[in-house]
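Values below: every heavy atom of this structure, side chains too, minus hydrogens, waters and symmetry copies. Bear in mind the structure is a predicted one, so any value in this text is a computation, not a measurement.
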Amino acid sequence: MSRYIITIGRQYGSAGREIGFKLAEKLGIKCYDDELLKEAAKASGLCEQIFETHDEKPTQSFIYSLVMDTYSLGYNNSGFVDMPLSQKVFLAQFDAIKKIADRESCIIVGRCADYALADYKNVMSVFINADMEARAARIMERKNLTKKADVVDIINKTDKKRASYYNYYTSKKWGDSKSYDICINSSLFGVDGTVDVLADMAKRKFHI
């Protein structure tokens with residue numbers, strides 16, 4: 001298979017982003033995380049800071065059919081101009097994900113990428129979780145925090161936001177094994193071990 005895409009959903013603190021970039025390096029392809037926001041901002045004409053503010057944040061009002069109709073018409077139609085900002089951000093990211101997938105093999109972290117590419121044959125969707133102890137330790141070290149209870153609260157709130165965003169914009173459930181091709185606990189293998197496991201799976205699936 002000449003071109004393939006791996007999408008990664010992840011619990012906060014599970015090292016999903018780090019695993020994504022290390023996996024991309026191992027496979028010799030590019031990993032898109034914040035870089036995707038830059039592409040979406042450039043294509044849509046919206047300020048990049050707007051994407052950072054609304055990135056993977058749930059919205060209270062969203063009409064899927066309206067956005068999909070607008071997606072098919074492009075950014076210059078009146079539907080996009082009149083659309084709430086949160087919906088514009090989702091639409092632009094949705095569009096950027098498809099354009100990236102159409103041009104190159106890559107890994108895309110978060111942003112409902114597995115759902116955006118649901119009709120693509122050359123996709124492997126992954127969800128990375130981890131034990132709470134490992135997640136809390138990782139966030140405490142990264143953010144130089146000392147109170148575990150506070151860190152656990154941050155983790156739970158972040159996961160709740162990611163779940164709300166994913167569940168709202170897709171027809172699937174965030175973190176549910178039925179929503180992905182592969183669910184893996186990074187606590188079992190460590191970051192590098194998880195990368196090795198996923199690299200082997202990708203090579204078998206895509207014959208690379």
Taking the inter-plane angle between the rings of Tyr165 and Phe90 on a 0 to 90° scale, is it parallel (under 30°), tilted (30 to 60°) or perpendicular (over 60°)? perpendicular
Just so I know, are the side chains of [X] and [Y] near enough to count as touching, which here means a heavy-atom distance under 4.5 Å?
{"X": "Val126", "Y": "Thr7", "result": "no"}
{"X": "Met124", "Y": "Ile182", "result": "yes"}
{"X": "Lys160", "Y": "Tyr12", "result": "no"}
{"X": "Lys173", "Y": "Lys178", "result": "no"}
{"X": "Tyr166", "Y": "Lys172", "result": "yes"}
{"X": "Phe21", "Y": "Ile107", "result": "no"}
{"X": "Tyr169", "Y": "Phe94", "result": "no"}

Do [X] and [Y] land in one hydrophobic cluster if side-chain heavy atoms of ILVMFWY residues count as linked below 4.5 Å?
{"X": "Leu23", "Y": "Ile184", "answer": "yes"}
{"X": "Tyr115", "Y": "Trp174", "answer": "no"}
{"X": "Leu27", "Y": "Ile128", "answer": "yes"}
{"X": "Tyr180", "Y": "Leu188", "answer": "no"}

Give a yes or no answer on whether the side chain of [X] reaches the backbone of [Y] with a donor-acceptor pair at less than 3.5 Å.
{"X": "Lys22", "Y": "Val195", "result": "no"}
{"X": "Asp200", "Y": "Asp196", "result": "no"}
{"X": "Arg17", "Y": "Val109", "result": "no"}
{"X": "Tyr4", "Y": "Cys106", "result": "no"}
{"X": "Asp131", "Y": "Glu133", "result": "no"}
{"X": "Ser125", "Y": "Asp181", "result": "yes"}
{"X": "Glu18", "Y": "Val191", "result": "no"}
{"X": "Asn156", "Y": "Val152", "result": "yes"}
{"X": "Ser186", "Y": "Ser14", "result": "yes"}

Do Val123 and Ile6 pass the side chain to side chain contact (heavy atoms under 4.5 Å, CB included) test, and can you show the C-alpha distance, the side-chain angles, and the key distance before you say yes or no? CA-CA 6 Å; Val123 176; Ile6 300 171; over 6 Å; no
Carboxylate-amine/guanidinium contact Asp95 Lys99, below 4.0 Å: yes
Assess whether a salt bridge exists between Arg111 and Glu35, defined as any Lys/Arg side-chain N lying under 4.0 Å from an Asp/Glu carboxylate O. no
Taking every non-hydrogen atom, the tightest pair across [X] and [Y]:
{"X": "Gly13", "Y": "Ile139", "result": "CA-CD1, 3.8 Å"}
{"X": "Cys183", "Y": "Ser177", "result": "SG-CA, 3.6 Å"}
{"X": "Ser105", "Y": "Ser2", "result": "OG-O, 3.7 Å"}
{"X": "Gly110", "Y": "Arg10", "result": "CA-NH1, 3.5 Å"}

Result of checking Ile97, Ile8, Asp33 against Ile108 for side-chain contact (heavy atoms from CB on, under 4.5 Å): Ile97
Does a donor on one side chain and an acceptor on the other come within less than 3.5 Å for Tyr120 and Asp114? no
Can you see whether Glu104 engages Tyr32 through a side-chain donor-acceptor pair at a distance of less than 3.5 angstrom? yes
Hey, could you give me the [atom1]/[atom2] distance between [X] and [Y], rounded to the nearest 0.5 Å?
{"X": "Ile29", "Y": "Ile5", "atom1": "CD1", "atom2": "CD1", "answer": "9.0 Å"}
{"X": "Asp176", "Y": "Asn167", "atom1": "CG", "atom2": "CG", "answer": "9.5 Å"}
{"X": "Arg103", "Y": "Ile100", "atom1": "CZ", "atom2": "CD1", "answer": "5.0 Å"}
{"X": "Lys98", "Y": "Leu117", "atom1": "NZ", "atom2": "CG", "answer": "6.0 Å"}
{"X": "Asp119", "Y": "Lys121", "atom1": "CG", "atom2": "NZ", "answer": "8.0 Å"}

For Asp159, side chain to side chain donor-acceptor pair (under 3.5 Å) partners two or more places apart: Arg135
Sequence neighbours excluded, which residues qualify as side chain to side chain donor-acceptor pair (under 3.5 Å) partners of Lys203? none
Applying side chain to side chain contact (heavy atoms under 4.5 Å, CB included) to Leu145 and Ile154, what does each step give before you reach the verdict? CA-CA 11 Å; Leu145 300 173; Ile154 292 171; 4.1 Å; yes
Give the intermediate values and the outcome of side chain to side chain contact (heavy atoms under 4.5 Å, CB included) for residues Lys147 and Met140. CA-CA 8 Å; Lys147 293 185 178 180; Met140 289 172 72; over 6 Å; no
Show the numbers, then the answer: is there a salt bridge (Lys or Arg N to Asp or Glu O under 4.0 Å) between Asp153 and Lys157? CA-CA 6 Å; Asp153 184 57; Lys157 287 180 178 178; 3.2 Å; yes
